[in-house]
Novice: 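This is the structure, below, for whatever I ask next.
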Amino acid sequence: MQRNGLHTLAAVGALLVGVFLIMGAYGHFQAVWPMITGDAPNATALAMPGIILAATGILSVGLCKMLRGGVSAAFDANLVIDSLALGYFLYLLGMGNVPDHPIGVFAGVMACNLVLLAVTRLGLVWPVAPDPIDS
């Protein structure tokens with residue numbers, strides 16, 4: 001039986017997205033930390049994007065091995081956390097108060113990863129094995 005190459009691709013994609021999100025969380029916390037530790041009345045609101053980035057990134061990295069093994073629950077969990085993060089990014093973009101910010105890039109990367117996870121979870125196989133009847 002031929003192994004589904006999309007499982008490996010989804011695992012590598014989740015690893016890359018996870019590292020990308022963790023780096024984004026680091027950059028976010030680095031930018032807002034002086035305000036969080038200062039007298040900012042909205043410290044939780046300032047920290048929330050970084051928390052979402054970090055949590056999504058850590059979970060994505062943590063699920064990589066199970067994604068490679070084709071575990072359905074890992075695909076489901078990754079689809080849920082990535083969908084929630086994408087929804088939050090789209091909400092922030094819709095609010096429009098983040099000019100010159102890479103949140104659109106984060107949203108695009110998450111959307112692409114979601115497509116890969118979804119089609120793999122729905123049963124797309126790559127490479128396609130030849131049909132034994134045609135042989």
Side-chain angles (χ1 to χ4, degrees):
M1 177 151 194
Q2 188 173 15
R3 179 171 173 75
N4 187 355
L6 287 180
H7 291 162
T8 302
L9 186 60
V12 170
L15 178 65
L16 293 174
V17 165
V19 169
F20 183 63
L21 292 173
I22 291 168
M23 289 176 11
Y26 175 76
H28 177 77
F29 282 125
Q30 191 175 20
V32 300
W33 194 253
M35 293 177 274
I36 292 173
T37 57
D39 293 335
N42 55 354
T44 304
L46 285 172
M48 191 55 64
I51 292 169
I52 290 172
L53 286 168
T56 306
I58 290 168
L59 288 170
S60 289
V61 169
L63 291 171
C64 284
K65 186 172 181 178
M66 289 190 290
L67 288 173
R68 187 169 189 277
V71 177
S72 299
F75 280 94
D76 295 341
N78 218 329
L79 281 165
V80 168
I81 61 172
D82 285 0
S83 295
L84 292 172
L86 177 61
Y88 184 66
F89 297 151
L90 293 175
Y91 166 75
L92 290 176
L93 279 172
M95 289 190 45
N97 58 357
V98 285
D100 298 328
H101 193 278
I103 204 151
V105 174
F106 282 98
V109 168
M110 294 300 291
C112 291
N113 193 50
L114 272 171
V115 169
L116 174 61
L117 290 168
V119 298
T120 306
R121 176 65 175 98
L122 290 173
L124 187 66
V125 177
W126 176 75
V128 176
D131 191 1
I133 296 174
D134 292 338
S135 300

Novice: Among residues two or more places apart or on two chains, list those pairs meeting ring pair (Phe, Tyr, Trp, His ring centres under 6.0 Å) that have a residue in residues 23-74.
Specialist: none
Novice: From Asn78 CG over to Leu63 CG, what is the distance, rounded to the nearest 0.5 angstrom?
Specialist: 5.5 Å
Novice: Just to verify, what does Met48 make a side chain to side chain contact (heavy atoms under 4.5 Å, CB included) with, not counting sequence neighbours?
Specialist: Thr44, Ile52, Tyr88
Novice: Less than 4.5 Å apart, any side-chain heavy atom of Phe89 and any of Leu53?
Specialist: yes
Novice: Can you run down the salt bridge (charged side-chain N to carboxylate O under 4.0 Å, His left out) pairs that involve residues 99-124, sequence neighbours left out, and say none if there aren't any?
Specialist: Asp76-Arg121
Novice: Give every residue pair that meets the ring pair (Phe, Tyr, Trp, His ring centres under 6.0 Å) criterion with at least one member in residues 41-78, sequence neighbours excluded.
Specialist: His7-Phe75
Novice: Going hydrophobic residue to hydrophobic residue with side-chain gaps under 4.5 angstrom, can you get from Leu122 over to Met66?
Specialist: no
Novice: Could you tell me which non-hydrogen atom of Ala45 sits nearest to which non-hydrogen atom of Pro49, and how far apart they are?
Specialist: O-CD, 3.3 Å
Novice: Should side-chain heavy atoms under 4.5 Å link Ile, Leu, Val, Met, Phe, Trp and Tyr, which residues sit in the same cluster as Leu15?
Specialist: Val19, Ile22, Met23, Ile58, Val61
Novice: Please report the closest heavy-atom contact between Ala54 and Ala25, naming both atoms and the distance.
Specialist: N-CB, 3.6 Å
Novice: If Ile, Leu, Val, Met, Phe, Trp and Tyr residues are connected whenever their side-chain heavy atoms lie under 4.5 Å apart, and connections chain through other members, are Leu93 and Phe20 in the same group?
Specialist: yes
Novice: Connecting only ILVMFWY residues whose side-chain heavy atoms lie within less than 4.5 Å of each other, what is the rest of Leu84's hydrophobic cluster?
Specialist: Val80
Novice: Would you give me the side-chain donor-acceptor pairs under 3.5 Å for residues 101-117, sequence neighbours excluded?
Specialist:
from	atom 1	to	atom 2	distance (Å)
His101	ND1	Ile103	N	3.1
Asn113	ND2	Asp82	OD2	2.8

Novice: Considering non-hydrogen atoms only, spot the tightest contact between Ser60 and Gly18 and give its length.
Specialist: CB-CA, 4.0 Å
Novice: Which residues pass the side chain to side chain contact (heavy atoms under 4.5 Å, CB included) test with Ala11, not counting sequence neighbours?
Specialist: Leu67, Arg68
Novice: For residues 102-120, which residue pairs pass the salt bridge (charged side-chain N to carboxylate O under 4.0 Å, His left out) check, not counting sequence neighbours?
Specialist: none
